[in-house]
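Remarks on the structure that follows.
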Amino acid sequence: VITGARLSDGSHGNAFWQKDNSFSFLPFDPVPQSYPGTGDLFASVLAGALTRGLRLADGVELAAGFVARAAAETLRMGADPRFGTAFERVLSDLTKPKEG
């Protein structure tokens, strides 16, 4: 998994290789602020998803969405970016059933 990949067309997303040797790219809209620790947060959510039996693509989607919501909430709060994201505010998102 490569997080925060940027393609030549300017799109941002997470890229990953799957067991069948296929390449996947899940695009996202970046938050206009960097926060330390987002890679660790992404890896933790992804690891949890995989240990619960989710497919890699679903785990990447879950982790990316969680980190994006945490960053957006932190930005909305106006918190000092040096201290990372306020992920605690969106932690309950991980226990909600997936819609659709």
Side-chain angles (χ1 to χ4, degrees):
V1 176
I2 300 171
T3 60
R6 186 171 178 190
L7 299 182
S8 59
D9 66 2
S11 61
H12 291 83
N14 297 303
F16 56 98
W17 288 97
Q18 300 192 66
K19 277 197 267 186
D20 65 0
N21 208 28
S22 65
F23 171 79
S24 295
F25 183 79
L26 294 176
F28 65 81
D29 293 324
V31 174
Q33 177 62 58
S34 295
Y35 296 98
T38 54
D40 295 336
L41 191 56
F42 181 97
S44 297
V45 174
L46 177 57
L50 296 176
T51 60
R52 290 192 344 246
L54 269 68
R55 296 175 328 125
L56 178 60
D58 294 333
V60 169
E61 185 176 7
L62 178 70
F66 181 77
V67 171
R69 287 187 302 280
E73 175 64 13
T74 307
L75 183 64
R76 186 195 64 73
M77 292 169 43
D80 188 331
R82 295 176 297 166
F83 300 115
T85 64
F87 69 89
E88 298 87 355
R89 291 180 172 256
V90 295
L91 201 54
S92 64
D93 290 0
L94 296 176
T95 62
K96 294 176 184 173
K98 186 176 179 182
E99 296 177 13

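Computed from a predicted model, the values in this text were never measured in an experiment.
A donor-acceptor pair under 3.5 Å is formed between the side chain of Thr74 and the backbone N or O of Ala86. Panel note: side chain Arg76, backbone Ala72; no donor-acceptor pair is recorded below 3.5 Å.
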Step by step, work out the side chain to side chain contact (heavy atoms under 4.5 Å, CB included) result for Leu41 and Tyr35.
-> CA-CA 11 Å; Leu41 191 56; Tyr35 296 98; over 6 Å; no
Under the side chain to side chain contact (heavy atoms under 4.5 Å, CB included) criterion, do Thr3 and Val60 qualify, and how do the steps go?
-> CA-CA 9 Å; Thr3 60; Val60 169; over 6 Å; no
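Using a 4.5 Å heavy-atom cutoff, the side chains of Thr85 and Val67 are not in contact. Leu56 is listed as a side-chain neighbour of Leu46, based on a closest heavy-atom distance under 4.5 Å.
Cluster annotation: Phe16 and Leu7 are assigned to distinct hydrophobic clusters (Ile/Leu/Val/Met/Phe/Trp/Tyr, side-chain heavy-atom contacts under 4.5 Å, transitive).
Atom CH2 of Trp17 is separated from atom CD1 of Ile2 by 9.5 Å, given to the nearest 0.5 angstrom. With values rounded to the nearest 0.5 angstrom, Glu73 atom CD is found 9.5 Å from Asp93 atom CG. Taking CZ from Arg55 and NZ from Lys19, the interatomic distance works out to 11.5 Å, rounded to the nearest 0.5 Å. In this structure, Leu91 CG and Arg69 CZ are separated by 11.0 Å, a value rounded to the nearest 0.5 Å.
Considering every non-hydrogen atom in both Pro36 and Arg82, the closest pair reads CG-O, 3.5 Å. Scanning both residues, Phe25 and Ala15, for their nearest heavy atoms gives CD1-CB, 4.1 Å. A pairwise comparison of heavy atoms in Gly4 and Phe28 identifies CA-CZ, 4.0 Å as the closest pair. Phe66 approaches Val90 most closely through the heavy-atom pair CE1-O, 3.2 Å. Contact record, Ala71 with Val31: CB-CG2, 3.9 Å, taken as the closest heavy-atom pair. Nearest heavy atom pair, residue Glu61 against residue Leu26, reads N-CD1, 4.0 Å.
Within 6.0 Å of atom CG in Asp80, more than 12 heavy atoms from other residues, nucleotides or ligands are found, so the atom counts as buried in its surroundings.
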